[in-house]
Amino acid sequence: MFFLDNNIAYATDAEMIEDHIEMKMMADMIGRYLQDLKPEFRCLIEMRWKNCMSYKEIAEELHTSEDSIKYKLHRARNSIKKRFIKEWGESK
């Protein structure tokens with residue numbers, strides 16, 4: 001016979017597991033959004049966050065202005081944000 005003892009403190013709370021799964025799903029979805037971006041935007045995001053480059057470093061590497069880099073990164077982030085909100089809703 002199998003039963004659960006409600007007095008035992010379990011190592012992982014069910015809510016923590018749900019949060020972890022939801023975060024994993026969100027991360028996977030954002031990864032897909034990145035793949036769907038224009039190659040130019042995807043490249044900028046990788047340079048900025050994966051390679052930890054400053055706006056100035058990116059601008060020098062691409063022979064353009066920092067303002068141009070900031071503008072394009074802003075557009076890329078907004079594109080991802082819009083898709084995220086569309087699929088996950090404003091409250092998530």
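Here the structure is a predicted model, which is why all the values come from computation and not from measurement.
- Between atom NZ of residue Lys86 and atom OH of residue Tyr33 there is a gap of 9.5 Å, rounded to the nearest 0.5 Å.
- Taking all atoms of both residues into account, the shortest heavy-atom contact from Ile45 to Ala76 is CD1-CB, 3.7 Å.
- Contact check for Tyr55 versus Asp67: no side-chain heavy atoms found under the 4.5 Å cut-off.
- Between Leu37 and Ser79, the shortest heavy-atom contact is CD2-OG, 3.6 Å.
- With sequence neighbours excluded, no residue forms a side chain to side chain donor-acceptor pair (under 3.5 Å) with Arg75.
- Within the structure, side chain to side chain donor-acceptor pair (under 3.5 Å) pairs that include any residue of residues 40-49 comprise Glu40-Lys72 (at least two apart or interchain).
- Ser54 contributes atom OG, which lies 7.0 Å from atom CD of Glu66 (distance to the nearest 0.5 angstrom).
- Grouping the Ile, Leu, Val, Met, Phe, Trp and Tyr side chains by contacts below 4.5 angstrom, directly or via other members, places Met25 with Ile80.
- With sequence neighbours excluded, the residues satisfying side chain to side chain donor-acceptor pair (under 3.5 Å) with Asn78 are His74.
- For the pair Ile58/Asn51, no side-chain contact is recorded, criterion being any heavy-atom separation below 4.5 Å from C-beta on.
- Listed by chain and number, the residues in a salt bridge (Lys or Arg N to Asp or Glu O under 4.0 Å) with Asp28 are Lys24 (sequence neighbours excluded).
- Both tests hold for Lys38 against Phe41: distance to the six-membered ring centre under 6.0 Å, angle to the ring axis within 45°.
- The line from CE of Met23 to CD of Glu18 is 14.5 Å long, rounded to the nearest 0.5 Å.
- Residues satisfying the side chain to side chain donor-acceptor pair (under 3.5 Å) criterion with His63, sequence neighbours excluded, are absent altogether.
- With sequence neighbours excluded, no residue forms a salt bridge (Lys or Arg N to Asp or Glu O under 4.0 Å) with Asp19.
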